[in-house]
K.L.:
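I have a structure I would like to understand better, so I am pasting it below and will then ask my questions one at a time.
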Amino acid sequence: MDSELRHFIKNARWFASKGRTFQVTGVRRAGTLPLPDEGPGVAIDLVEITFAEGDSELYQLPLAFRTGPDDRLEHALIGVWDDPDFGRSHVYDAIHDREAMSQLLASFADPSLSPGALAFHRLPGSQLDTSAISSPFTGEQSNSSVAFGEDSLLKLFRKVTPGVNPDVQVHRVLTEAGSEHVAALLGWLEVNDPDSQTTGSVIQLGMLQQFLRTASDGWELAQASVRNLYAEADLHAAEVGGDFAGESERLGEALAEVHEVLAEKFPVATRSPDEMAELARSMRARLDAAIEVVPDLAEHRAGLSAIFDQVAGFDAVAVQRIHGDLHLGQTLRTAKGWKIVDFEGEPARPLAERVLPDSRWRDVAGMLRSFDYAALAVARIFAGSDGTGETQRDYRGQEWTLRNRSAFLRACAGRELSDDEQLLLDAYEADKAVYECVYEVRNRPSWLPIPLAGIERIVNR
Ligand SMILES: Nc1ncnc2c1ncn2[C@@H]1O[C@H](COP(=O)(O)OP(=O)(O)O)[C@@H](O)[C@H]1O
Ligand SMILES: O=P(O)(O)O[C@H]1O[C@H](CO)[C@@H](O[C@H]2O[C@H](CO)[C@@H](O)[C@H](O)[C@H]2O)[C@H](O)[C@H]1O
C-alpha cells in the first residue's frame, strides 16, 4: 500500500515538494463516512511523508473503496489492498468518484448523518441540492476542487497542517461580514488530529463555497485583452476594444474593500523600525536562498539588496491580515463584479508565517506583478510563432502593463503614493518577483524569463 500511495502522491499536480525524495512514514485515518446501501466506502486518510533530509509533510487523501474494478474510474485508481475498514478493495482518488462525492455532499447537507470523527460544519442560510452531480476541476491547482451541479464547490486541501486553515478562516469572516468580493462560504470539514495527544488540535480538511459557475478567470480575461492589443497593428492600449483598464480599476476597488473588512475583523498593528529592518533582512535572506536555486538572479543581487535596504529604516508601517498570494489567477469576474479567491497565502511559506499581519502593499505588489506577467506571457506565444515585430510588441506590451498597473493602483490606494509608500511597494514587488523565479524553475522552467525580465525592470527603475 505504501508504495502505491508514494507513487500516487509523487505524481500528483498538488504535490508541493516535486523533485524531492521521500518515503511514506505513516497513514492515519481521519475518518470514514457511514457505509451506504450501495456505492463505495469512503474514508479520508492523512498520509505522512518524510524526505531524505528528515523533514516531513502531511497530505490529505480522500479515498473511495470498491470491491472490484470500476472502468469509469481507471484513471483515478491508486491501488488494490486490504483495508482494515473495507477489506480487500480497489482504492480510488475519491474526488473522481461521483458516488463518493455525493456522500460527502450529503454529510454537508445534514451533518448529523456523519457522527464520526469527521466534523461537517455549515453556515446558516444556505440550501444544498444533494442530487447535484460532482465534476472535479482540472488544471494547475495546489488543492483539489470539485463542483456540485451549479451551486457549490468543495475544495479539499491536499497539504494539510494542524490548526485553522487561512482560506476557511478568511472566507468565513468575509462571508459573515457580507463582503461582495468573495464566493460565500457555505461550510467546512475538519477533524481532530488523530495523531495528536492534545485534544482540540484540529485539522481543517476542506471548504464548501458558492460556485461562481459563470465567472471568468481574471488571468484569462487579461490575456485576452493583451491578445486584442497585439492583433491591432497600430492602436494604443486605450483605443482597442479589449481595453482592460476599467476592469483593473474595479479590481483595485474590490481589493481595497476586502482590505478594509480584513482590517476591521482581524488584529491590526504598526511595524516599528526594528521590525522593518527585520523585514528587509528576511527579503535579503529569501533572495540569497533563491540565488541558490536560480543562479541567473545573482547578477541582480546588489540592485535588489539596495531596494530591500531602503525599507529598513521606515517607521510606523501599518500591518493587518492580507491575502498573501494575490495575482490575476486568484480573481474571478462575475456579472456582479470581481471576486477574490484562495486566501491560503503563498503555498511555499510555513502556515504560521502566512497568517501573520503584513502590509496591504504585499497584495498590491502581487497584482502589479501579474499585469507584467500577462503582457509577457502573451508575447511569448507570438515570439514563438513568427519572431517578427518583437520590439514593437514589447513596447506595446509594456504600455498595456503600465496602463493597467496605474488604473489598479490608483483605485486601490485611492490617492497618490508618498515616496516612502512607493519604495515599500517596490520592495514588495521585487520580493514577489524573486519568489516567482523560484516558483517558475520548480514548476514551469520555460517561464523563468518572465520574472527575470520583471526584476531587470524593477532594479533599473
Ligand atoms: N467559488 C468559485 N467558483 C468558481 N470557480 C472558482 C471558485 N473558487 C476558485 N475557483 C477557480 O478554481 C481555481 C482554483 O482555485 P484556488 O482557490 O486558487 O485553488 P488552489 O488552492 O487549488 O490553487 C481558481 O483559479 C478559480 O478559477
Ligand atoms: O495560485 P497558486 O496559489 O497556486 O499560486 C502559485 O501559482 C501561480 C501560477 O499558477 C503563481 O503565479 C504566477 O503566475 C501567474 C500566471 O500563471 C501570474 O499571474 C502571477 O503574477 C505569478 O506570480 C503564484 O506566484 C504561485 O504562488
Side-chain angles (χ1 to χ4, degrees), residues 170 174 177 179-182 218-219 221-222 225 237-238 243-271 275-276 279-280 283 307-308 310-311 313-331 333 337-341 343 345 356-375 398-433 435 454 457-458 461:
V170 172
L174 290 171
S179 172
E180 288 291 309
H181 297 298
V182 288
W219 169 246
L221 289 176
S225 164
D243 181 26
F244 197 67
E247 292 296 0
S248 299
E249 188 179 337
R250 284 184 281 276
L251 197 47
E253 287 163 0
L255 178 61
E257 274 181 52
V258 165
H259 278 158
E260 277 308 305
V261 181
L262 293 176
E264 268 167 40
K265 303 288 177 186
F266 288 95
V268 291
T270 305
R271 268 196 189 136
E275 288 167 323
M276 291 307 288
L279 175 71
M283 288 175 168
I307 295 174
F308 299 148
Q310 282 176 318
V311 305
F314 284 6
D315 193 8
V317 172
V319 289
Q320 61 162 88
R321 190 61 182 263
I322 60 162
H323 181 284
D325 187 23
L326 194 59
H327 55 83
L328 283 161
Q330 312 279 38
T331 65
R333 178 69 163 95
W338 284 100
K339 309 269 180 181
I340 296 177
V341 305
F343 286 81
L356 291 177
D358 204 341
S359 162
R360 291 182 185 195
W361 298 117
R362 189 183 284 284
D363 283 346
V364 176
M367 195 59 85
L368 295 181
R369 290 286 313 122
S370 214
F371 290 118
D372 203 37
Y373 254 78
Q398 286 196 42
E399 194 182 69
W400 184 95
T401 304
L402 276 179
R403 177 171 170 75
N404 287 287
R405 283 168 59 104
S406 321
F408 170 78
L409 186 54
R410 236 185 354 259
C412 71
R415 58 186 158 73
E416 288 296 308
L417 269 55
S418 69
D419 289 349
D420 278 1
E421 283 173 333
Q422 186 60 56
L423 285 176
L424 187 54
L425 181 57
D426 286 349
Y428 275 118
E429 213 189 326
D431 182 58
K432 182 74 187 184
Y435 163 84
R457 279 211 282 270
I458 293 168
R461 247 179 222 155

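Just so it is clear, the values below take in all heavy atoms, side chains as well, and ignore hydrogens, waters and symmetry mates. Throughout, numbering of the chain's residues begins at 1 and tracks the sequence.
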K.L.:
Applying side-chain contact (heavy atoms from CB on, under 4.5 Å), run through R250 and R333 and close with a yes or a no.
P.N.:
CA-CA 10 Å; R250 284 184 281 276; R333 178 69 163 95; 3.7 Å; yes
K.L.:
So, for A407 and S248, which heavy atoms are closest and what is the spacing to 0.1 Å?
P.N.:
CB-CB, 4.1 Å
K.L.:
Within the side chain of E247, is there an N or O that forms a donor-acceptor pair under 3.5 Å with the backbone of F244?
P.N.:
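A pair under 3.5 Å: no.
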K.L.:
Can a donor-acceptor pair be found, under 3.5 Å and without considering hydrogens, that links the side chain of H323 to the backbone of R362?
P.N.:
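A pair under 3.5 Å: no.
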K.L.:
How long is the gap from CH2 on W361 to CG on L423, to the nearest 0.5 Å?
P.N.:
12.0 Å
K.L.:
Once you round to the nearest 0.5 Å, how far does NZ of K339 lie from OG1 of T331?
P.N.:
12.5 Å
K.L.:
Just verifying a value: how many Å separate L221 CG and L251 CG, rounded to the nearest 0.5 Å?
P.N.:
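With rounding to 0.5 Å, CG (L221) is 10.5 Å from CG (L251).
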K.L.:
Please name the pair of heavy atoms, one in A222 and one in W400, separated by the smallest distance, quoted to 0.1 Å.
P.N.:
O-CZ2, 3.7 Å
K.L.:
Considering residues at least two apart in sequence or located in another chain, which fulfil the side chain to side chain contact (heavy atoms under 4.5 Å, CB included) criterion with E180?
P.N.:
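With sequence neighbours excluded, E180 shows a side chain to side chain contact (heavy atoms under 4.5 Å, CB included) to no residue whatsoever.
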K.L.:
Can you sort out the partners of F408 under ring pair (Phe, Tyr, Trp, His ring centres under 6.0 Å), two or more places apart, ordered by chain and number?
P.N.:
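Checked F408 against ring pair (Phe, Tyr, Trp, His ring centres under 6.0 Å); matches are F371.
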K.L.:
Which heavy atom of V311 sits nearest to which heavy atom of A427, and what is that distance?
P.N.:
CG1-CB, 3.6 Å
K.L.:
Go through the steps for I322 and L262 under the test side-chain contact (heavy atoms from CB on, under 4.5 Å), then give the verdict.
P.N.:
CA-CA 7 Å; I322 60 162; L262 293 176; 5.5 Å; no
K.L.:
Working to the nearest 0.5 Å, report the span between OG of S179 and NZ of K265.
P.N.:
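Separation between the atoms: 11.0 Å.
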K.L.:
Looking only at heavy atoms, what is the nearest atom pair of C412 and V364, with distance?
P.N.:
SG-CG2, 3.9 Å
K.L.:
For the atom pair CD (Q422) and CD (Q310), what is the distance rounded to the nearest 0.5 Å?
P.N.:
11.0 Å
K.L.:
Without swapping roles, check the side chain of Q320 against the backbone of H259 for a donor-acceptor pair under 3.5 Å.
P.N.:
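Pair found, side chain donor or acceptor close to backbone of H259.
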K.L.:
Could I get the full list of side chain to side chain contact (heavy atoms under 4.5 Å, CB included) partners for R271, not counting sequence neighbours?
P.N.:
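By the side chain to side chain contact (heavy atoms under 4.5 Å, CB included) rule, R271 matches E275, M276, L279, V317, V319, D358, Y428.
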K.L.:
Search all heavy atoms of I458 against all heavy atoms of A433 and return the closest pair with its distance.
P.N.:
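Reported closest heavy-atom pair: CD1-CB, 4.4 Å.
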K.L.:
Are H181 and E253 packed together at the side-chain level, in the sense that at least one heavy-atom pair is separated by less than 4.5 angstrom?
P.N.:
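No, their side chains stay 4.5 Å or more apart.
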K.L.:
Apply the test side-chain contact (heavy atoms from CB on, under 4.5 Å) to residues Y373 and L328: give CA-CA distance (whole Å), side-chain angles for both, the deciding distance (0.1 Å), then the verdict.
P.N.:
CA-CA 9 Å; Y373 254 78; L328 283 161; over 6 Å; no
K.L.:
Quick one: salt bridge (charged side-chain N to carboxylate O under 4.0 Å, His left out) partners of R461, sequence neighbours excluded?
P.N.:
D426, E429
K.L.:
List the atom of A375, the atom of T401, and the distance in Å for their closest heavy-atom pair.
P.N.:
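Residues A375 and T401, closest heavy atoms: CB-OG1, 3.3 Å.
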K.L.:
If you apply the rule side-chain contact (heavy atoms from CB on, under 4.5 Å), what do you find for L425 with L368, and how did you get there?
P.N.:
CA-CA 10 Å; L425 181 57; L368 295 181; 3.9 Å; yes
K.L.:
Could you tell me which residues satisfy side chain to side chain contact (heavy atoms under 4.5 Å, CB included) with H327, sequence neighbours excluded, listed by chain and number?
P.N.:
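Counting only residues at least two positions away or on another chain, H327 forms a side chain to side chain contact (heavy atoms under 4.5 Å, CB included) with D325, Q330, S370.
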K.L.:
Could you grab the distance from atom CG of L409 to atom CG of L402, nearest 0.5 Å is fine?
P.N.:
11.5 Å
K.L.:
Looking at D315, I'd like to know if its CG atom is crowded, meaning that more than 12 non-hydrogen atoms belonging to other residues, nucleotides or ligands lie closer than 6.0 Å.
P.N.:
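Yes - once you tally the heavy atoms of other residues, nucleotides and ligands closer than 6.0 Å, there are more than 12.
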K.L.:
Would you please name every residue forming a salt bridge (charged side-chain N to carboxylate O under 4.0 Å, His left out) with D372, sequence neighbours left out?
P.N.:
R369, R457
